Amino acid sequence: MPATQQETATQWPHRHLLGLAGCNAAEVSLILETAKEFRAVLERPIRRVPTLRGITICNLFFEPSTRTRLSFELAEKRLSADIVNFSSKGSSVSKGESLLDTARNIEAMKVDMVVVRHRSPGVPHFLGRSTRAQIINAGDGQHEHPTQALLDLFTLYEHHRDLRGLRIAIVGDIVHSRVARSNILGLRMLGAHVTVCGPPTLLPHRADALGVRVTHRLDEALEGCDVVMALRMQLERQNLSLIPSIREYHALYGIRPDHLRRNVDMLVMHPGPVNRGVELASEVVDHERSIILDQVTNGVAVRMAVLYLLATAEQRGW
Ligand code: NCD
């Protein structure tokens, strides 16, 4: 785990978790070390601790989500927090209420923390400025998804003691992916070498400025690579056709069993939801070197750690 490689912060110094862009390696290590403790709690027969008793958390989801919302909800329940759930479907947002008014109303209900997902980048930052609640970004448009990157880092540490020098290929729709952005920040912070791979239409302009190697050729990306992280085609964020067809995409960028045969140590990750037969062949999803379900399990422990650290920071006062 990271403490053996580099300094771990002793306290969480931020009021919110808006993105990994605002964190350093020691702070990321603190979250991962804390998550290790909660991972052990989740192995006990009674998987509940009283840590957040008396704290009210609102899960504010303006975009569809299954995994992330359930994972936060479970983490909050395991920590004994009081929870209110909000999804924009069937809410006053569909009646035309502004985001600021929604925020003010939530504040009037005396909520301590807000977990927010929204299709517009910057919404968590806006809520952080306009309410008194502590904010956790659960995905803001194409910008960041910090808890996903943290759970990915945690999962990598279960397989590799040291991320320094680890070679990771992130393949697919990089330009629309908040998961890619947060992971690039986190992986580079901890010393991994990142390659991004996809068709030119799905890579950001000047992707090399992110400090990653860029290639359009899958074979080149996977050569000598320790872990491949495949990403979903974010069709909901694409307003024009950026690939000729899904079938052609799979032929050029899909991870297939022959890739795993050629690279016998390579692990496979995916943040979910997976489109079988598109970014990953179905056999690859179920392969013994696929650690996709470990990512899901670890998501709960990592989110427990984030909630706990934010709550302790609040108790210290600002
Ligand atoms: C990701 C997301 O929503 O950004 N999924 C997730 O959080 N589990 C990736 C995706 O939707 O493809």
Side-chain angles (χ1 to χ4, degrees), residues 17-21 35 59-76 85 87-89 115-124 135-156 168-187 196-199 202-204 227-239 242-243 246 249-250 253-255 268-280 284-285 290-304 306-307:
L17 178 65
L18 301 174
L20 289 196
N59 297 311
L60 194 55
F61 280 73
F62 293 95
E63 248 194 2
S65 169
T66 312
R67 234 163 308 265
T68 304
R69 192 170 50 78
L70 286 181
S71 179
F72 266 111
E73 218 177 300
L74 261 179
E76 293 154 5
N85 285 318
S87 66
S88 48
K89 242 198 202 152
V115 175
V116 62
R117 166 169 289 195
H118 199 282
R119 70 184 157 81
S120 303
V123 163
I135 311 294
I136 300 172
N137 182 359
D140 61 330
Q142 302 175 26
H143 181 222
E144 276 224 46
H145 191 351
T147 57
Q148 178 68 45
L150 289 164
L151 74 89
D152 291 338
L153 295 171
F154 185 90
T155 306
L156 284 170
I168 311 226
I170 307 181
V171 179
D173 185 354
I174 312 287
V175 71
H176 298 102
S177 175
R178 52 196 176 205
V179 175
R181 182 181 285 269
S182 292
N183 259 299
I184 290 170
L185 288 165
L187 287 164
V196 296
C197 174
L202 296 180
L203 294 184
V227 182
V228 58
M229 185 183 288
L231 298 177
R232 187 177 64 88
M233 192 71 60
Q234 305 269 309
L235 294 172
E236 72 278 23
R237 300 190 209 289
Q238 302 176 6
N239 51 13
L242 297 174
I243 50 164
I246 292 289
Y249 177 82
H250 181 68
Y253 294 103
I255 314 297
V268 180
M269 298 176 85
H270 191 299
V274 177
N275 289 309
R276 285 178 185 255
V278 183
E279 57 269 10
L280 296 176
V284 171
V285 179
S290 154
I291 53 173
I292 297 172
L293 291 179
D294 297 344
Q295 292 174 263
V296 178
T297 304
N298 292 334
V300 178
V302 165
R303 290 178 173 119
M304 285 171 86
V306 167
L307 293 163

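Please read these numbers as outputs of a predicted model, since none were measured by experiment. Atoms within each ligand, like the ligands themselves, are counted from 1 in listed order.
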Residues forming a side-chain contact (heavy atoms from CB on, under 4.5 Å) with [X], sequence neighbours excluded:
| X | result |
| --- | --- |
| Arg69 | Phe61, Ser65, Glu73 |
| Gln142 | His176, Arg237 |
| Ala301 | Phe38, Arg39, Leu42 |

**OP:** From the options Gln148, Glu63, Arg117, select the one residue that forms a side-chain hydrogen bond (donor to acceptor under 3.5 Å, both in side chains) with Thr68.
**Re:** Arg117
Original post:
How long is the gap from NE2 on His250 to CZ on Arg276, to the nearest 0.5 Å?
Top reply: 12.5 Å
**OP:** Give a yes or no on whether the backbone of Leu20 and the side-chain of Glu144 come within a donor-acceptor separation of less than 3.5 Å.
**Re:** yes
Could you list, one pair per line, each nitrogen or oxygen of ligand 1 together with any protein nitrogen or oxygen closer than 3.5 Å, giving atom names and the distance rounded to 0.1 Å?
residue  : atom   : partner : partner atom : Å
ligand 1 : 3 (O)  : Arg117  : NH1          : 3.3
ligand 1 : 3 (O)  : Arg117  : NH2          : 3.2
ligand 1 : 3 (O)  : Arg178  : NH2          : 2.9
ligand 1 : 4 (O)  : Arg178  : NE           : 2.7
ligand 1 : 4 (O)  : Arg178  : NH2          : 3.3
ligand 1 : 5 (N)  : Gly272  : O            : 2.9
ligand 1 : 7 (O)  : Thr68   : OG1          : 2.9
ligand 1 : 7 (O)  : Arg117  : NH2          : 3.2
ligand 1 : 7 (O)  : His145  : NE2          : 2.7
ligand 1 : 8 (N)  : Pro271  : O            : 3.1
ligand 1 : 8 (N)  : Gly272  : O            : 3.4
ligand 1 : 11 (O) : Arg232  : NE           : 3.3
ligand 1 : 11 (O) : Arg232  : NH2          : 3.0
ligand 1 : 12 (O) : Arg232  : NE           : 2.7
ligand 1 : 12 (O) : Arg232  : NH2          : 3.4
ligand 1 : 12 (O) : Gln234  : NE2          : 2.8

